[in-house]
2 protein chains.
Amino acid sequence: MNYSRQREQVLEYVKSVKTHPTAETVYNKVREKNSNISLGTVYRNLDKLSKEGKLLRIKMANGKDRFDGYTSKHYHAICTRCDRVFDVSLDYFNNVDKVVAKKLNCNVLSHDIIFNIICPDCERGF
Amino acid sequence: MNYSRQREQVLEYVKSVKTHPTAETVYNKVREKNSNISLGTVYRNLDKLSKEGKLLRIKMANGKDRFDGYTSKHYHAICTRCDRVFDVSLDYFNNVDKVVAKKLNCNVLSHDIIFNIICPDCERGF
DNA sequence: ATTGAAAATAGTAATAATTACTATTTTGAA
DNA sequence: TTCAAAATAGTAATTATTACTATTTTCAAT
């Protein structure tokens, strides 16, 4: 994989925020620094970076994928009103995969938990 | 809400299987009995039925929504190779919502867990 | 039974996120 | 310096789902 400034900018932006941006947000933000970058390039690089393990791709049930610069295993919460995504600092349930593996008699690779919440901002009016 | 034969057929099919069909599968299967039904009608009725609580809509991260005739709270496993979806008979973690509510200081409505697995069929060749 | 407005339908068009394609430019090892 | 592999910008295609529209069906009140 060759160097590219665009990829560096994409990674830098996602690593710099805790907001779990969508591809489009990454595109808009990186464009503020590099007005030439194209949306396709952002998508391609987000994909490459997450396959490399440098980013986490969170495939959200409600549509848009989100990206996370914090790559250790952890859970997420999504506000059902504003769609903001938050990290959940809960100990990872390592053993539950084994329990399910026995029950289903199959190989369990991992699990994801999404908490559906109403975030503090939305709770108090918006 | 008025009666409709199409809605009855959609509900009947989803209730009759354990496969967590997609809207398109429901469409194809119901069409075997009623060759007139349209895809839009299937989507509309799946939506109505799940909003009524007669079906469960499982918003899958990988794209297509799945529908489940078994409406109690439970978890799901998806095969990362063939995309088949299975029910997971694990006790529902009722207390974890409260823990997260305290951590995030917000209202937690529910949570979903998806186990990423390799199903027995795929494990043994396909 | 008849009527008529609300609800539902079939069929098609529109939307939205993402991926694929293509001609051009950039990268980096030889 | 060269040149093939990799990456890019910009656009087109894809895919699941929702929206729209003219027609048909349902059902409560006559």
Side-chain angles (χ1 to χ4, degrees), chain A residues 1-14 19-52 54-68 78 80 82-85 114, chain B residues 1-14 19-52 54-68 76 78 82-85 114:
Chain A
M1 180 143 62
N2 286 348
Y3 171 83
S4 99
R5 190 162 76 96
Q6 287 86 338
R7 182 152 55 240
E8 190 174 62
Q9 290 173 322
V10 165
L11 180 59
E12 188 198 337
Y13 174 68
V14 178
T19 53
H20 308 81
T22 63
E24 209 190 354
T25 303
V26 175
Y27 172 63
N28 288 323
K29 285 295 178 178
V30 172
R31 251 171 94 81
E32 289 174 7
K33 296 224 159 181
N34 175 0
S35 60
N36 243 45
I37 198 170
S38 77
L39 184 58
T41 296
V42 169
Y43 269 104
R44 187 166 17 77
N45 282 313
L46 286 170
D47 192 56
K48 283 195 172 182
L49 289 164
S50 51
K51 274 175 182 156
E52 260 199 312
K54 292 189 177 160
L55 292 181
L56 217 67
R57 177 196 286 255
I58 317 170
K59 288 194 143 285
M60 279 291 156
N62 74 328
K64 309 185 191 185
D65 289 0
R66 315 291 291 246
F67 295 88
D68 192 342
I78 183 165
T80 54
C82 68
D83 274 7
R84 260 179 287 193
V85 174
I114 306 253
Chain B
M1 179 144 60
N2 286 348
Y3 171 83
S4 99
R5 190 162 77 95
Q6 288 86 336
R7 181 153 54 240
E8 190 174 60
Q9 290 172 323
V10 164
L11 180 59
E12 188 198 336
Y13 174 69
V14 177
T19 53
H20 308 80
T22 63
E24 209 191 353
T25 303
V26 175
Y27 172 63
N28 288 323
K29 286 294 179 179
V30 172
R31 251 171 94 81
E32 289 174 7
K33 297 224 160 184
N34 175 1
S35 60
N36 243 44
I37 198 170
S38 76
L39 185 58
T41 296
V42 170
Y43 269 104
R44 188 168 15 77
N45 281 313
L46 286 170
D47 192 57
K48 282 194 172 183
L49 289 163
S50 51
K51 275 176 180 155
E52 258 198 313
K54 292 189 176 160
L55 292 182
L56 217 67
R57 177 195 287 256
I58 317 170
K59 288 195 143 286
M60 279 291 155
N62 74 328
K64 309 186 190 183
D65 290 0
R66 316 290 292 243
F67 295 88
D68 192 341
H76 292 98
I78 183 165
C82 69
D83 273 7
R84 261 179 287 192
V85 175
I114 306 253

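Throughout, protein chains are lettered first and strands after them, A, B, ... in sequence-line order, and every chain is numbered starting at 1. Not measured: the values here are computed from a predicted model.
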Reckon [X] touches a base, only the sugar-phosphate, or nothing at all at heavy-atom distances under 4.0 Å?
X     : result
B/E24 : nothing
A/R44 : base
B/K48 : sugar-phosphate
A/N45 : sugar-phosphate
B/Y3  : sugar-phosphate
B/D65 : sugar-phosphate

Using five base pairs at each end to define the local axes, how bent is the helix from C/dA1-D/dT30 to C/dA30-D/dT1, to the nearest 10°?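 Comparing the axis at each end, I get an angle of 20°.
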On DNA chain D, which is the earliest and which the latest nucleotide, 5' to 3', with an atom closer than 4.0 Å to a heavy atom of chain B?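 Listing 5' to 3', DNA chain D meets chain B from D/dA16 to D/dC27.
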Rounded to the nearest 0.5 Å, how far apart are [atom1] of [X] and [atom2] of [Y]?
X     : Y     : atom1 : atom2 : answer
A/K59 : A/S50 : NZ    : OG    : 9.5 Å
A/I37 : A/E32 : CD1   : CD    : 12.5 Å
A/E52 : A/R7  : CD    : CZ    : 7.0 Å

Report yes if at least one side-chain N or O of A/Y43 is closer than 4.0 Å to OP1 or OP2 of C/dT19; otherwise report no.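 Negative; the distance criterion is not met.
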In whole angstrom, give the distance that lies between atom CG of A/L46 and atom C1' of C/dT19.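 The answer, rounded to whole Å, is 13 Å.
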In whole Å, what is the span from the CE atom of A/M1 to the C1' atom of C/dA29?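 Taking CE of A/M1 and C1' of C/dA29, I get 18 Å after rounding.
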Is any side-chain heavy atom of [X] less than 4.5 Å from a side-chain heavy atom of [Y]?
X     : Y     : value
B/N34 : B/R5  : yes
A/Y13 : A/T25 : yes
A/D65 : A/T22 : no

Reference residue B/Y27; test side chain to side chain contact (heavy atoms under 4.5 Å, CB included); the match among B/T41, B/L46, B/V10, B/V42: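 Going through B/T41, B/L46, B/V10, B/V42 one by one, the side chain to side chain contact (heavy atoms under 4.5 Å, CB included) with B/Y27 is satisfied by B/V42 alone.
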What are the residues of residues 29-37 of chain B, sorted by number, that bring a heavy atom to within less than 4.0 Å of DNA chain C?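 Residues of residues 29-37 of chain B that come under 4.0 Å of DNA chain C are, in numerical order, B/N36, B/I37.
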Can A/R57 and A/D68 be counted as an ion pair, charged N to O under 4.0 angstrom?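 Looking at A/D68 together with A/R57, the answer is no, because their closest N to O distance does not fall below 4.0 Å.
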B/N2 vs A/G40, nearer the 5' end of DNA chain D by closest nucleotide: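 The residue closer to the strand's 5' end, by nearest nucleotide, is A/G40.
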On DNA chain D, nearest-nucleotide positions of B/L39 versus B/R5: which is more 5'?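 Mapping each residue to its closest nucleotide by heavy atoms, the 5'-most match is B/L39.
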Go through the steps to decide whether A/V14 and A/K54 satisfy the test side-chain contact (heavy atoms from CB on, under 4.5 Å), and finish with yes or no. CA-CA 10 Å; A/V14 178; A/K54 292 189 177 160; over 6 Å; no
Counting N and O atoms only, with roles assigned by atom type, does the side chain of B/N28 sit under 3.5 Å from a partner on the main chain of B/E24, one being a donor and the other an acceptor?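 Answer holds: yes.
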Before you tell me yes or no, could you show the steps for B/M60 and B/I78 under side-chain contact (heavy atoms from CB on, under 4.5 Å), namely the whole-Å CA-CA distance, both residues' side-chain angles and the distance that decides it to 0.1 Å? CA-CA 9 Å; B/M60 279 291 155; B/I78 183 165; 3.9 Å; yes
